[in-house]
Amino acid sequence: MNSTHTIRGKRLTRSFYERPTLEVAEEIIGKYIVFDKNGHRKSAKITEVEAYIGQDDPACHAARGMTKRNAIMFGRGGFAYVYLIYGMYHCLNFVTESKGFPAAILLRSAEPIEGFDFCQGSDKKMLSGPGKFCRVFQINLTHNSLDLTNGHLYLQDRGAETTIVKTPRIGISSGKGHLWRICDAQSQFLSQPLKSRRS
DNA sequence: TGAATGATGCGCT
DNA sequence: GCGCATCATTCAT
């Protein structure tokens with residue numbers, strides 16, 4: 001039942017990324033990530049991200065200055081920052097803000113849209129976590145520093161409307177006070193379920 | 001339903 | 001050496 005029809009959408013340009021990170025993070029929910037690899041297209045709707053903002057954010061990789069690994073974060077917005085974590089998983093980030101201000105948005109979870117087999121019925125968890133997303137999308141260190149505005153990995157606006165919820169970030173030991181994990185409040189495709197509200 | 005744990009490699013002190 | 005922006009599995013309650 002998979003369609004090979006290409007869904008149209010507007011590619012997000014440099015001006016989308018080169019803004020305050022929290023603004024970008026809130027607007028990025030509901031956007032679509034597209035990866036064209038060898039003529040095969042995968043796409044997914046973004047449901048959950050985290051913001052890592054500047055050298056005053058202790059959880060941000062740039063907190064202790066520029067290194068070879070995090071150098072891309074110090075450049076212009078609109079590039080991919082990919083790193084290896086725990087020796088076995090990759091995490092994909094979107095660099096934000098202008099040159100000189102290091103910040104990025106971690107893609108934590110998404111809803112599969114195009115280019116997947118759904119025979120297992122476990123699609124809700126297929127992309128639910130930063131490591132799982134990269135494994136399925138085959139994102140690795142070779143994709144670090146790719147230009148999202150001019151390449152085969154990019155974001156699209158397909159006009160989806162969303163309601164967002166903010167929570168503390170996951171898996172960090174410092175910087176827990178900020179509500180910089182941003183989720184689609186209605187989505188079933190999150191890395192962790194939101195706390196249900198009690199009456 | 002939740003806590004503990006092992007796998008695994010790189011960057012940094 | 002140690003500590004990670006993780007995940008799947010095992011064990012306890």
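By convention in this document, chain letters (A, B, ...) are assigned in the order of the sequence lines, proteins followed by strands, and residues within each chain are numbered from 1. Atoms considered below: every heavy atom in the structure, side chains included; atoms not considered: hydrogens, waters and symmetry mates.
For Tyr83(A) and dA5(C), a side-chain-to-base donor-acceptor distance below 3.5 Å is present, hydrogens and geometry of angles not being considered.
For the pair His143(A) (side chain) and Gln138(A) (backbone), a donor-acceptor distance under 3.5 Å is present.
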**Request:** Assess whether side-chain hydrogen bond (donor to acceptor under 3.5 Å, both in side chains) is satisfied between Thr96(A) and Thr21(A), documenting all intermediate values.
**Result:** CA-CA 6 Å; Thr96(A) 56; Thr21(A) 305; 2.8 Å; yes
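Here dG9(B) presents its C1' atom at 11 Å from CD1 of Ile85(A), a figure rounded to the nearest Å. The CG atom of Leu190(A) sits 15 Å away from the P atom of dT6(C) (whole-angstrom rounding). Atom-to-atom, OH of Tyr86(A) to C1' of dT8(B) comes out at 12 Å; the value is rounded to the nearest Å. Rounding to whole angstrom units, NZ of residue Lys68(A) and P of dG9(B) are separated by 19 Å. In this structure, the CZ atom of Arg64(A) is 11 Å from the P atom of dA5(C), given to the nearest Å.
Base pairing in DNA chain C gives the following stems of 3 or more Watson-Crick or G-U pairs, range against range and under 3.5 Å: B:1-7 with C:6-12, B:9-12 with C:1-4.
Val24(A) is listed as a side-chain neighbour of Phe16(A), based on a closest heavy-atom distance under 4.5 Å. Leu148(A) has its side chain out of reach of Leu12(A): every pair of non-hydrogen atoms, C-beta onward, lies at least 4.5 Å apart.
In this structure, Tyr52(A) forms an aromatic stack with the base of dA5(C), since both conditions hold: centre separation below 5.5 Å and plane angle below 30°.
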**Request:** Encode nucleotides 7-13 of chain C as B, S and - characters from 5' to 3', where the letter depends on protein heavy atoms closer than 4.0 Å: B to the base, S only to sugar-phosphate, - to neither.
**Result:** SS-----
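Judged by a 6.0 Å distance limit and a 45° cone about the ring axis, Arg14(A) is not positioned over the six-membered ring of Tyr17(A).
Residue Ser173(A) has a polar side-chain atom (N or O) positioned under 4.0 Å from OP1 or OP2 of dC4(C).
Among the atoms of the strands shown, base atoms are found under 4.0 Å from some heavy atom of Leu106(A).
A side-chain contact (heavy atoms from CB on, under 4.5 Å) with Lys45(A) is found for exactly one of Lys31(A), Arg158(A), Gln156(A), Glu111(A), namely Glu111(A).
Using bins of under 30°, 30° to 60° and over 60° for the plane-to-plane angle, the ring pair Tyr81(A)/Tyr83(A) lands in the tilted bin.
For the pair Pro112(A) and Ala44(A), the tightest heavy-atom approach, listed with the atom from each and the gap, is CA-CB, 4.2 Å.
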